[in-house]
J.: 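Structure below; questions to follow.
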Amino acid sequence: MRRTREDIERRVHDQKVAREILAIPEEEWLDWGDNFPEEEEDEEHEEDNESVVFKLYFKGLLSEENGNKIFGGIGIAICDPMKNLVFEISKPLIGNGKSTIAAEAKALIEGLNAGLALGLKRIVVYCHCFPLYNYFTGRWSAKQRKVAMLIDQIAVLREKFVYCNPILVPRNDIEYAFRFAREAITSQVTKQPAESSNERVAIIEACVICLEDTDVERIFSVDECRHRYCFSCMKQHVEVKLLHGMMPKCPHEACESLLNVESCRKFLTPKLFEMMCLRIKEASIPVSEKIYCPYPKCSALMSKNEVSEYSKSAVPAGLQGVGARKCSKCHGLFCINCKVPWHNNMTCYNFKRMNPNNPGEDVKLKSLATRNLWRQCVKCSHMIELAEGCYHMTCRCGYQFCYNCGAEWKDKKATCSCPLWDEDNILYAENDSDFDEEDEDEDEDEDEDDYYDSETDGYF
């Protein structure tokens, strides 16, 4: 550690001297450059080190390996202002439980201790864990007892620096630290004895989204483009797209390859698989051709052509001529003109005359929508509620409009003069929610001694 500290001081001093030399005009340097004054190294090195701001990257990583065993690793990378790596740590994380926030906090404690041991005075902490960032900055207060203890340790260490400021960054910006943490986990896994001599040797491939090393048997290859991602990332990607009413495509930037639903079965839950099949069917039917079964317990989606073909053999020709059709799923008889269950012995004209208002359920829905300020898509009639965010809405059918007035958005621009958002609809995180529900369980299950103790891994 002493040698690393001296190397850092020398490097900082050399960079300062280089900057001073570059600032000297060439004519002056030719005149007296050979007599450039030499400074007292020890004092100058110490002063230089106090004025330089170093960069701290950290990662506390948990991973389930060998079936159901949890391994943890810490990765620390300290860089100079030019982003040159000057110090690194890759070590196992002991007594981590299942709390990702606690793992991140222990990694930060390790990094801050390393910075102090190296004699660093000013440091910028690059953090990609959103809850920990809010704990670190004091915006949130930790509710879990053990997490709160770790945050207190971080606060104490922070006070020992002249300058220590956190910055929230995406995970790609902490690639060094992530790799070191991953190496610490890999070293633990490889030391585990094999259960039998016939055990399969895993072939590892890194997912380009999460950067996790994954068994190739759990890597998904998109059929059309052959881009490859781990099952976990693909499942999250598909789920988000489906919940937004969109057809999932390859996650690769600018890649338009569609996902094969049967290929996706291997990483999707049955519910997500069924939802994806429904989205594919919705996307394949033009809006004007869509028919939904009017029976509330069914509501199956069909195309007009599908209904007509099925009804040819299931509905008498006489009834077909007056609009009677049969649902291909529940086999219920309904009127395709009125879009209601079949009105027996009554023409469509008489039905509409006797029922001038919408069905009771529709009236209730319209009343509820009016009361809650919901909007109905003018293209597919889907009801939409703004939970939080801006007024720019994208319906599941792809139609974009202003939630405030209903005007269409064209070419990613509003055609109305409404404000883009209302402050009351913007979600601000004022306190910490249950980002890691398992933290509460740890209060009962983990032992106090499982905590990271900076004194047991001293640097001096």
J.: Flag yes if more than 12 heavy atoms outside Y176 fall under 6.0 Å of its OH atom; otherwise flag no.
T.: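 Atom OH in Y176 is not packed in, count stays at 12 or less.
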J.: State which residues pass ring pair (Phe, Tyr, Trp, His ring centres under 6.0 Å) with Y126; sequence neighbours excluded, sorted by chain then number.
T.: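 Y57.
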J.: Apply ring pair (Phe, Tyr, Trp, His ring centres under 6.0 Å) to H237 and list each qualifying residue two or more places apart in sequence or on a separate chain.
T.: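 By the ring pair (Phe, Tyr, Trp, His ring centres under 6.0 Å) rule, H237 matches no residue at all.
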J.: Heavy-atom count around E385 CD within 6.0 Å, excluding the residue itself: above 12?
T.: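 Correct, the count exceeds 12.
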J.: Would you say N350 and T347 are linked by a side-chain donor-acceptor pair, where the criterion is simply a distance under 3.5 Å?
T.: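 Per modelled atom types, T347 and N350 side chains form a pair under 3.5 Å.
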J.: Among all residues two or more places apart in sequence or in another chain, which pass the salt bridge (Lys or Arg N to Asp or Glu O under 4.0 Å) test with K312?
T.: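 K312 satisfies salt bridge (Lys or Arg N to Asp or Glu O under 4.0 Å) with E309 once adjacent residues are dropped.
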J.: On the 0 to 90° scale, with breaks at 30° and 60°, tag the H227-Y229 ring pair as parallel, tilted or perpendicular.
T.: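 Judged by the thresholds at 30° and 60°, the geometry between H227 and Y229 is tilted.
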J.: Can you give the donor-acceptor pairs under 3.5 Å from side chains of residues 324-345 to other protein atoms, not counting sequence neighbours?
T.:
| residue | atom | partner | partner atom | Å |
| --- | --- | --- | --- | --- |
| R325 | NH1 | Q320 | O | 3.0 |
| H331 | ND1 | Y310 | OH | 2.6 |
| H343 | ND1 | M346 | O | 2.7 |

J.: Looking at E110 and K91, is any side-chain nitrogen of the basic one under 4.0 Å from a carboxylate oxygen of the acidic one?
T.: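 Yes.
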J.: My understanding is that only residues two or more places apart in sequence, or in another chain, count here; which of them pass side chain to side chain donor-acceptor pair (under 3.5 Å) with S257?
T.: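 In terms of side chain to side chain donor-acceptor pair (under 3.5 Å), with neighbours along the sequence ignored, S257 is linked to no residue.
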J.: Look at the rings of Y391 and Y403 and say which category their plane angle falls in: under 30° parallel, 30 to 60° tilted, over 60° perpendicular.
T.: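 Aromatic pair Y391/Y403 classed parallel.
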J.: Applying salt bridge (Lys or Arg N to Asp or Glu O under 4.0 Å), can you list everything that pairs with E183, at least two apart in sequence or on another chain?
T.: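 In terms of salt bridge (Lys or Arg N to Asp or Glu O under 4.0 Å), with neighbours along the sequence ignored, E183 is linked to R179.
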J.: Holding to ring pair (Phe, Tyr, Trp, His ring centres under 6.0 Å), I want the full list of residues that pass it with H392, two or more places apart in sequence or in another chain.
T.: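 Checked H392 against ring pair (Phe, Tyr, Trp, His ring centres under 6.0 Å); matches are W409.
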J.: Sequence neighbours excluded, which residues qualify as ring pair (Phe, Tyr, Trp, His ring centres under 6.0 Å) partners of Y295?
T.: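 Expected list: none.
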J.: Holding to side chain to side chain donor-acceptor pair (under 3.5 Å), I want the full list of residues that pass it with D173, two or more places apart in sequence or in another chain.
T.: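 Partners of D173 by the side chain to side chain donor-acceptor pair (under 3.5 Å) criterion come out as none, since no residue qualifies.
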J.: Which residues satisfy the side chain to side chain donor-acceptor pair (under 3.5 Å) test with K249, sequence neighbours excluded?
T.: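 For K249, the residues satisfying side chain to side chain donor-acceptor pair (under 3.5 Å) (neighbours in sequence not counted) are E256.
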J.: Taking salt bridge (Lys or Arg N to Asp or Glu O under 4.0 Å) as the test, write out the residues that go with E262, two or more places apart.
T.: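 Checked E262 against salt bridge (Lys or Arg N to Asp or Glu O under 4.0 Å); matches are R265.
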J.: Could you pull out all residues at least two apart from E88 that satisfy salt bridge (Lys or Arg N to Asp or Glu O under 4.0 Å)?
T.: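 With sequence neighbours excluded, E88 shows a salt bridge (Lys or Arg N to Asp or Glu O under 4.0 Å) to no residue whatsoever.
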J.: Do K281 and E306 meet the salt-bridge criterion of a basic N to acidic O distance under 4.0 Å?
T.: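 A salt bridge links E306 with K281.
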